[in-house]
Amino acid sequence: MLKKIATGVSVLLLATLTACGSGSTSSKDGEGGEITMGFAQVGAESGWRTANTKSIQQSAKAAGVELKFSDAQQKQENQIKAIRSFIQQKVDVIAFSPVVETGWDAVLLEAKRARIPVILTDRAVDSDDETLYETFLGSDFVEEGEKAGQWLVENTEGPVNVVELQGTTGAAPAIDRKKGFAEKIAARPDITIKASQSGDFTRSGGKQVMEAFLRSNPDVDVVYAHNDDMGLGAIEAIKAAGKKPGEDIKIITVDAVKDGMQALADGEINFIVECNPLLGDQLMDLAMKVVDGEEVPKRVVTEETTFTPEQAQKALPDRQY
């Protein structure tokens, strides 16, 4: 049994999935019959999450999937309540993006006993029992942190003081983006993380924490934000302190949503690691397969890239999110 879904795996293309029996007892035939999906979203804490929700809703409609949607407002107890409601409603498949990694075994066991397959999207769970879910669709968060750290190693010289705006405490992207970043900057002993605190993936949280960082660490050189929204909040705090974001203080973020990409193109952010929120089509494909009893990979990793200011300027006109 895996303690945690392994990271760093190769991208698995859904088009190459092999169909074979997996023991599913769903009554759906997967051949045009409408399926019902219960989806428990984290919330609407960022531009990324809004784009993710829109992608899932649009893809469900296009695929003829009846979607029962719940917004957890970033609270685990709300997601657990929603999942139990989906079980009572006897949906065909449940999908959710876990607010945090731990504390899911009981409710996932309830879904398993009800013979309702579960798909994890965007974020993983930390469980000893990998039979509680069918697959995990999402990014490699450790790799995202590594990309951010590698850019910093290669694009700075001399002593560098970093402050880190972490995501929601206990959330998989916050844990893994921190880990990947720390592993890469370890190659440079002169890079020091002076402070690290959660901004809860929100713009207001990023601004508030950055204001505190600037008071306690006036010599900060670099901000590493676990998402664009916190980075944009940090920009507001930096400007209010009379400094120039992107010049006096370099900024690295993760996501690549439009607002972040515009700040990158404008030179206020220096580097962005992409985290693609448009998972809807892949999720619907996976849902239909698991409902139809097909075997799917335990881990499906999305393809993503990175952006410099010049690359952001070129990408913005056609950016979908």
Side-chain angles (χ1 to χ4, degrees), residues 5 11-15 17 28 30 33-76 78-83 85-87 89 91-100 104 107-108 111 116-125 133-141 167-168 171-173 201 227-229 254-258 274-292 296-297 299-304 319-321:
I5 301 170
V11 174
L12 296 170
L13 298 177
L14 291 176
L17 299 179
K28 299 289 182 178
E34 184 179 88
I35 69 172
T36 301
M37 172 187 287
F39 187 85
Q41 182 60 284
V42 171
E45 77 282 3
S46 64
W48 190 100
R49 190 64 56 190
T50 300
N52 180 243
T53 292
K54 184 177 180 181
S55 171
I56 290 165
Q57 291 173 332
Q58 290 179 337
S59 295
K61 184 176 181 180
V65 172
E66 181 183 350
L67 186 68
K68 296 182 181 295
F69 185 87
S70 174
D71 181 338
Q73 299 179 328
Q74 294 180 269
K75 295 180 180 179
Q76 183 179 31
N78 290 346
Q79 281 193 314
I80 291 174
K81 182 179 179 180
I83 292 169
S85 174
F86 296 150
I87 294 170
Q89 294 175 66
V91 300
D92 299 299
V93 59
I94 292 171
F96 76 112
S97 180
V99 175
V100 295
W104 300 104
V107 72
L108 292 184
I116 300 175
V118 174
I119 299 172
L120 307 178
T121 71
D122 175 43
R123 300 180 180 184
V125 298
Y133 56 89
E134 296 295 322
T135 185
F136 166 38
L137 166 66
S139 303
D140 185 333
F141 299 131
T168 303
F201 283 127
N227 78 340
D228 289 346
D229 279 76
V254 181
D255 271 358
V257 296
K258 277 188 176 178
E274 184 181 40
C275 182
N276 186 1
L278 307 182
L279 306 180
D281 288 347
Q282 286 181 294
L283 175 58
M284 298 310 143
D285 285 343
L286 282 169
M288 290 178 181
K289 284 178 167 62
V290 299
V291 169
D292 197 33
V296 298
R299 180 73 167 97
V300 180
V301 182
T302 53
E303 281 191 271
E304 293 158 344
R319 199 71 178 157
Q320 295 182 54
Y321 55 92

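In what follows, every heavy atom counts, from backbone to side chain, and hydrogens, waters and symmetry copies are set aside. One is the number of the first residue; the rest follow in order along the sequence.
Annotation: the span from Phe201 atom CZ to Trp48 atom CH2 amounts to 9.5 Å, rounded to 0.5 Å. Atoms CZ and CZ, from Arg123 and Phe136 in turn, are 10.0 Å apart once rounded to the nearest 0.5 Å. The distance from the CG atom of Asp92 to the CD atom of Glu34 is 9.0 Å, given to the nearest 0.5 Å. In this structure, the separation between CD on Gln57 and CG on Leu67 is 6.5 Å, given to the nearest 0.5 Å. Note that the CZ atom of Phe86 and the OG atom of Ser70 stand 5.0 Å from one another [nearest 0.5 Å]. Separating the CD1 atom in Ile87 from the CG atom in Leu108 is a distance of 8.0 Å, to the nearest 0.5 Å.
Contact record, Asp281 with Ser59: OD1-OG, 2.7 Å, taken as the closest heavy-atom pair. The two residues Gly47 and Val257 have their closest heavy-atom pair at C-CG1, 3.9 Å. Looking at every heavy atom in both residues, Val125 comes nearest to Tyr133 through CG2-CE2, 4.0 Å. Between Leu278 and Ala51, the shortest heavy-atom contact is CD2-O, 4.2 Å. In this structure, Asp255 and Asp228 approach most closely via the heavy-atom pair CB-OD2, 3.3 Å. Minimum interatomic distance between Gly138 and Arg299 (heavy atoms only, all atoms of both residues): O-NH1, 2.9 Å.
Qualifying side-chain hydrogen bond (donor to acceptor under 3.5 Å, both in side chains) partners for Thr168, counting only residues two or more places apart in sequence or in other chains: Asp200.
A donor and an acceptor atom, one from each side chain of Gln89 and Ser85, are located under 3.5 Å apart. Under the 3.5 Å distance criterion, with hydrogens and angles disregarded, no donor-acceptor pair is assigned to the side chains of Gln282 and Thr302.
Proximity of a side-chain donor or acceptor of Thr135 to a complementary backbone N or O of Pro297 within less than 3.5 Å is detected. Counting only distance, with no hydrogens or angles, the side chain of Gln79 and the backbone of Ser97 share a donor-acceptor pair below 3.5 Å. Counting only distance, with no hydrogens or angles, the side chain of Arg319 and the backbone of Ala256 share a donor-acceptor pair below 3.5 Å.
Counting only heavy atoms from C-beta outward, the side chains of Arg49 and Asp122 approach each other to under 4.5 Å.
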- Message: Run Phe141 and Val254 through side chain to side chain contact (heavy atoms under 4.5 Å, CB included) and show every step you take.
- Response: CA-CA 10 Å; Phe141 299 131; Val254 181; over 6 Å; no
- Item | Steps toward side chain to side chain contact (heavy atoms under 4.5 Å, CB included) verdict (Thr36, Lys68) | CA-CA 7 Å; Thr36 301; Lys68 296 182 181 295; 3.7 Å; yes
- Tell me, with the steps shown, if Met284 and Met37 meet side chain to side chain contact (heavy atoms under 4.5 Å, CB included). CA-CA 9 Å; Met284 298 310 143; Met37 172 187 287; 4.0 Å; yes
- Can you check side chain to side chain contact (heavy atoms under 4.5 Å, CB included) on Tyr321 and Asn52, steps first, answer last? CA-CA 9 Å; Tyr321 55 92; Asn52 180 243; over 6 Å; no
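Under the side chain to side chain contact (heavy atoms under 4.5 Å, CB included) rule, Ile119 has a single partner from Leu286, Val296, Val300, which is Leu286.
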